[in-house]
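Worksheet: the structure to be examined is printed underneath.
Reminder, nothing fancy here: chain letters follow the sequence lines and each chain counts from 1.
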Amino acid sequence: MSNSVRVRFAPSPTGFLHVGGARTALYNYLFAKKHGGSYILRVEDTDEERSTEESMKMQIQDMTWLGLHWDEGVDPSTFGDKGDNGPYRQSQRRDTYKQYVDRLLESGKAFYCFMTEEQIDQKREQLKAAGLPLQLKSDYRDMSLEEAKAKLAEGEAAVVRFRIPDQNKEYTFNDLVRGEVTANSDAVGDFAIVRASGMPVYNFVCAVDDALMKITHVLRGEDHLNNTVKQIMILEALEMNLPEFGHLSTILGPDKSKLSKRHGATSCDQYRHMGVLPEALLNFIALLGWSHPEGEEVFSLKNLEENFSSDRLNASPAVFDETKLKWVNAMHLRKLSGEQLWAEIQPHLDQAGLSFDKSSEWKAKALELFKPYMELLSDSVNLFAPLDDSKFAIAEEATEALTWESSPVVLQTWLEILRSHGGETLSEEDFSEAQNKIKKDATVKGKFLFMPIRVGIIGKPHGAELKILVPLMEKSSLIERAEKALEKAKSLQS
RNA sequence: GUUCCCUUCGUCUAGAGGCCUAGGACAUCGCCCUUUCACGGCGAAGACACGGGUUCGACUCCCGUAGGGAACGCCA
């Protein structure tokens, strides 16, 4: 029944949340929403060396930032358990795993293996030399449990391995994104399910937990495709229910190799700091391997929840194109109200040391003006910098305009108009009038009129429309700037 | 080495045998708007990896080849 759908995202806490992980999380989340099911967050921290509490918290924070909230799993605020199928951190489920390991051991479907690393390496070399698949068949696969336990009692170290069937067996399953996938049992060796330390290994815990947590659909990265057979074997050996599987394509870098750090930013955290909105990131990654039924390119999470379906998932790998991400971000930026946008850019302005003690009307107006120029929230820094008096400077590329013969006159006239102006600020009309007056008095037009004024206002030859920019500025500030530009212009004349 | 997966414009993709003269989006280029830049509007250029089948007909189905990716761990 559709309302019993249960999916999970199961990251291992060994670093930041990668955009690929975020996409897997997103698709699982959407799949649950679409079917009115549950979305579970399980933490796969069985690697005691690499897993850290810190990573888990960062990843949880990133997922929360993205707005991908889960129904069950590690609680995002207390980091305890939320839901009835916990604990949700595999490191806390060792007792549970032990029962299932024992079952396999007792039924002879798993065994203790005492091979040393050297012995295993040697065996692999032999297989390689013979041109055979690198699938290990342990020397201990037929040792009785009693005998093995005796060896254990003597203090010998052993891992537990799953016993691969002797005769080749074919496994096929219907992959949600790839259709029928077939694999043979001889494509895998006697794989380890418990380390010598007693901590079980991924393929085992993953399979067992999916069954125990009643997961119905497993949507995960393509890199797990080959693991699926192992997990099916475990589940069958334990007579547990099999979930359905769906293997998502890999996300590639611009050079078409798997997206990695050398390609630049790969973590959600990095994109957040660059000034990408969570919904924009979600929007963009959703399109990496999935397409909207209506062909829409810009949409909200809500829209995604309503329109997602796994049959529009694409099996081929996709290149992560930052240029398009920025465009998507720009589109989302523009949908925000002035108040919302200001809240988003505030941290970026703070970081750049810009501060504006202005009314919310002023902020909204300024933002309305700057929106079309923004792709990333961090672009606000360059946009707003001209409005911060403490940051005013005549830019290098502005000097040419100041060397024109007519420029000092233009600036002088502009200054006089400002000084004789009554109010504290200039309206758009005031500025238009001013421009016309300068045009007449200084007898200049075109860029000779326009450019020096611009430089006298923002210190740069390019930028937003002055008629909207000027009303955002204090007259006193305009005067000060014009004076600086005039001074510079005069010095350049000689 | 072995196995598995993938292959439509530069990039993301639409396409479930005739609707395809292969559609859209980003990027690129041109024009318009604009006394700057951007936004916006209009337009251009740009792809079915290759070879065999199957079929009246193939981007769509099958088989090979090539290319790319992944897996073969006491990592997940």
(message) What is the separation between atom CG on A:N307 and atom P on B:rU13, rounded to the nearest whole Å?
(response) 18 Å

(request) Tell me whether the OP1 or OP2 atom of B:rU13 has a side-chain N or O from A:R312 closer than 4.0 Å. (result) no

(message) Regarding A:G221, tell me which of base, sugar-phosphate or nothing describes its non-hydrogen contacts under 4.0 Å with the strands shown.
(response) nothing

(request) Using only side-chain N and O atoms of A:R334, determine if any of them is under 4.0 Å from OP1 or OP2 of B:rG40. (result) yes

(message) Between A:E294 and A:N307, do the side chains contain a donor N or O and an acceptor N or O under 3.5 Å apart?
(response) no

(request) Starting at atom CG of A:L252, determine the distance to atom C1' of B:rA70, rounded to an integer number of angstrom. (result) 11 Å

(message) Reading RNA chain B from 5' onward, which residue's closest nucleotide shows up sooner: A:F450 or A:M331?
(response) A:F450

For residues 195-202 of chain A, dump all side-chain donor-acceptor pairs below 3.5 Å to protein atoms at least two apart in sequence or in another chain.
from, atom 1, to, atom 2, distance (Å)
A:R195, NH1, A:T46, O, 3.3
A:R195, NH1, A:P200, O, 2.9
A:S197, OG, A:M199, N, 3.3
A:Y202, OH, A:H224, ND1, 2.9

(request) Report which part of the nucleic acid A:H247 touches: base, sugar-phosphate, or nothing (heavy-atom distance under 4.0 Å, all strands). (result) nothing

Could you list, one pair per line, each protein nitrogen or oxygen that sits under 3.5 Å from a nitrogen or oxygen of nucleotides 29-34 of chain B, together with the distance?
none

(message) Looking at B:rG64, which nucleotide sits across from it as a Watson-Crick or G-U wobble partner, both distances under 3.5 angstrom, or is there none?
(response) B:rC50

(request) Quick one: look up who B:rC75 pairs with, Watson-Crick or G-U, both distances under 3.5 Å, and put none if it's unpaired. (result) none

Check the interface with nucleotides 2-6 of chain B: list each N/O to N/O pair with the protein under 3.5 Å, or write none.
from, atom 1, to, atom 2, distance (Å)
B:rC5, O2', A:R178, NH1, 2.1
B:rC5, O2', A:E222, OE2, 3.3

(request) Count the heavy atoms of every other residue, nucleotide or ligand shown that sit under 6.0 Å from CD of A:E117, and state whether that count exceeds 12. (result) no

(request) Please examine the side chains of A:F284 and A:F320, heavy atoms only from C-beta on, and report whether any two atoms are closer than 4.5 Å. (result) yes

(request) Using both distances under 3.5 Å as the test, list the Watson-Crick or G-U wobble partner of B:rG18, or none. (result) B:rC56

(request) Sort out the partner of B:rC26 for me: Watson-Crick or G-U wobble, both distances under 3.5 Å, none otherwise. (result) B:rG10

(message) So if I take residues 368-380 of chain A and measure heavy-atom distances to RNA chain B, which residues fall below 4.0 Å?
(response) A:P372, A:Y373

(request) Take A:K447 and A:E400 through the salt bridge (Lys or Arg N to Asp or Glu O under 4.0 Å) test and state the conclusion after the steps. (result) CA-CA 12 Å; A:K447 67 175 185 179; A:E400 192 204 328; 5.3 Å; no

(request) Answer with base, sugar-phosphate or nothing: what part of the nucleic acid does A:V201 contact at a heavy-atom distance below 4.0 Å? (result) sugar-phosphate

(message) So A:K258, base contact, sugar-phosphate only, or nothing? Heavy-atom distance under 4.0 Å.
(response) sugar-phosphate

(request) Using whole Å, report how far CG of A:D223 lies from C1' of B:rC72. (result) 14 Å

(request) Decide yes or no, distance alone: a donor-acceptor N/O pair under 3.5 angstrom between the base of B:rA25 and the side-chain of A:K324. (result) yes

Quiz: residues 177-184 of chain A side-chain donor-acceptor pairs under 3.5 angstrom, not counting sequence neighbours:
from, atom 1, to, atom 2, distance (Å)
A:R178, NE, A:H247, O, 3.0
A:R178, NH2, A:H247, O, 2.9

(request) Name the nucleic acid region contacted by A:R161, choosing base, sugar-phosphate or nothing; use a 4.0 angstrom heavy-atom cut-off, strictly under. (result) sugar-phosphate

(message) Need to verify one output field. Residue with the more 5' nearest nucleotide on RNA chain B, A:G189 or A:R454?
(response) A:R454

(message) Taking 4.0 Å as the cut-off, does a side-chain nitrogen or oxygen of A:T250 come that near to OP1 or OP2 on B:rA70?
(response) no

(message) Applying a 4.0 Å non-hydrogen cut-off, can you work out what A:K128 is touching in the nucleic acid: base, sugar-phosphate, or nothing?
(response) nothing

(request) Could you check A:V7, A:L30, A:L176 and say which one makes a side-chain contact (heavy atoms from CB on, under 4.5 Å) with A:L219? (result) A:L176

(request) Using only side-chain N and O atoms of A:K460, determine if any of them is under 4.0 Å from OP1 or OP2 of B:rU36. (result) no

(message) Any heavy-atom pair between the side chains of A:L478 and A:V470 that's under 4.5 Å?
(response) yes

(message) So, under a plain 3.5 Å distance rule, would you say the side chain of A:N227 forms a donor-acceptor pair with the base of B:rA71?
(response) no

(message) Expected output is a numbered-order residue list: members of residues 44-54 of chain A with a heavy atom under 4.0 Å from any atom of RNA chain B. What is it?
(response) A:E44, A:T46, A:D47, A:R50

(message) Whether A:K151 engages the ring of A:Y112 as a cation-pi pair (distance to the six-membered ring centre under 6.0 angstrom, angle to the ring normal within 45°) should be assessed.
(response) no

(message) When both hydrogen-bonding distances must be under 3.5 Å and the geometry is Watson-Crick or G-U wobble, what is B:rG40 paired with, if anything?
(response) B:rC32

(request) Using a 4.0 Å heavy-atom cut-off across all strands, classify A:G295 as base, sugar-phosphate, or nothing. (result) nothing

